[in-house]
Amino acid sequence: VVLYYASVSGTAKTKKDTQSLRWLLEKKNCAFDEVDIARDAMARGMIRKKSGTAAIPQLYVDGKYIGGYDEVQELEEIDRLSDVLDGEDP
């Protein structure tokens, strides 16, 4: 599980979404790595190519794009997030 974020983001919503996504993963006792795309141009290009968007944060499980905070929160609301974090398709 990898969370892509930017340490220098321009909007309050992006910062809030990143923190909320971290909190949600921690609440699920999910171990995750974090990649700061502000410091890693290669990662920035990779997530844009894989997801089709430059929006952050972005969550990946087993190399598959799961979504940003809104999509992950929706998975939690329908009780699917734990399964997805375990590698099932969203």
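- Although no hydrogens or angles enter the test, the distance criterion places a donor-acceptor pair under 3.5 Å between the side chain of Gln58 and the main chain of Thr53.
- Residues Asp17 and Lys13 are paired through a salt bridge, judged by an N-O separation under 4.0 Å between the basic side chain and the carboxylate.
- Heavy-atom minimum distance, Val1 versus Ala31: CB-O, 3.7 Å.
- The two residues Arg39 and Ser7 come nearest to each other via the heavy atoms NE-OG, 3.9 Å.
- Side-chain contact between Arg44 and Tyr4: absent, with no pair of heavy atoms (C-beta onward) separated by less than 4.5 Å.
- Going from atom OG1 of Thr11 over to atom CD1 of Ile56 covers 8.0 Å, rounded to the nearest 0.5 Å.
- Hydrophobic cluster membership of Val8, counting Ile, Leu, Val, Met, Phe, Trp and Tyr whose side-chain heavy atoms lie under 4.5 Å apart directly or via other members: none, as it forms a cluster of its own.
- Atoms CG and CZ, on Leu25 and Phe32 in that order, are 5.0 Å from each other to the nearest 0.5 Å.
- Between Tyr65 and Tyr60, the two ring planes are tilted [angle within 30° to 60°].
- In plain terms, the two heavy atoms of Lys50 and Gly63 that are nearest each other are NZ-O, 2.7 Å.
- When side chains are defined from C-beta on, Val2 counts as touching Val35, because their heavy atoms get closer than 4.5 Å.
- In plain terms, the two heavy atoms of Ser51 and Ile47 that are nearest each other are OG-O, 2.7 Å.
- In this structure a side-chain-to-backbone donor-acceptor pair under 3.5 Å is present from Asp36 to Ala38.
- For NZ of Lys16, the number of neighbouring non-hydrogen atoms (other residues, nucleotides, ligands) closer than 6.0 Å is 12 at most.
- Between the side chain of Gln73 and the main chain of Asp70, no donor-acceptor pair closer than 3.5 Å is present.
- In this structure, the side chains of Leu75 and Ile66 come closer than 4.5 Å at one or more pairs of heavy atoms.
- Remark: Arg22 qualifies as a cation-pi partner of Tyr5 under the 6.0 Å distance and 45° angle criteria applied to the six-membered ring.
- Contact record, Pro57 with Thr14: CD-O, 4.2 Å, taken as the closest heavy-atom pair.
- The two residues Ile37 and Ala6 come nearest to each other via the heavy atoms CG1-CB, 4.0 Å.
- By the salt bridge (charged side-chain N to carboxylate O under 4.0 Å, His left out) test, Lys49 pairs with no residue at all, sequence neighbours left out.
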Pairs under 3.5 angstrom only: tabulate donor-acceptor contacts from the side chains of residues 78-85 to other protein residues two or more places apart or in another chain.
{"residue": "Arg80", "atom": "NH1", "partner": "Asp83", "partner atom": "OD2", "Å": "3.1"}
{"residue": "Arg80", "atom": "NH1", "partner": "Glu88", "partner atom": "OE1", "Å": "3.3"}
{"residue": "Arg80", "atom": "NH2", "partner": "Asp89", "partner atom": "O", "Å": "2.7"}
{"residue": "Ser82", "atom": "OG", "partner": "Lys28", "partner atom": "NZ", "Å": "3.1"}

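- By the 4.5 Å heavy-atom criterion applied to side chains, Leu24 and Val72 are counted as neighbours.
- Residue Glu34 qualifies as enclosed at atom CD: its count of foreign heavy atoms under 6.0 Å is above 12.
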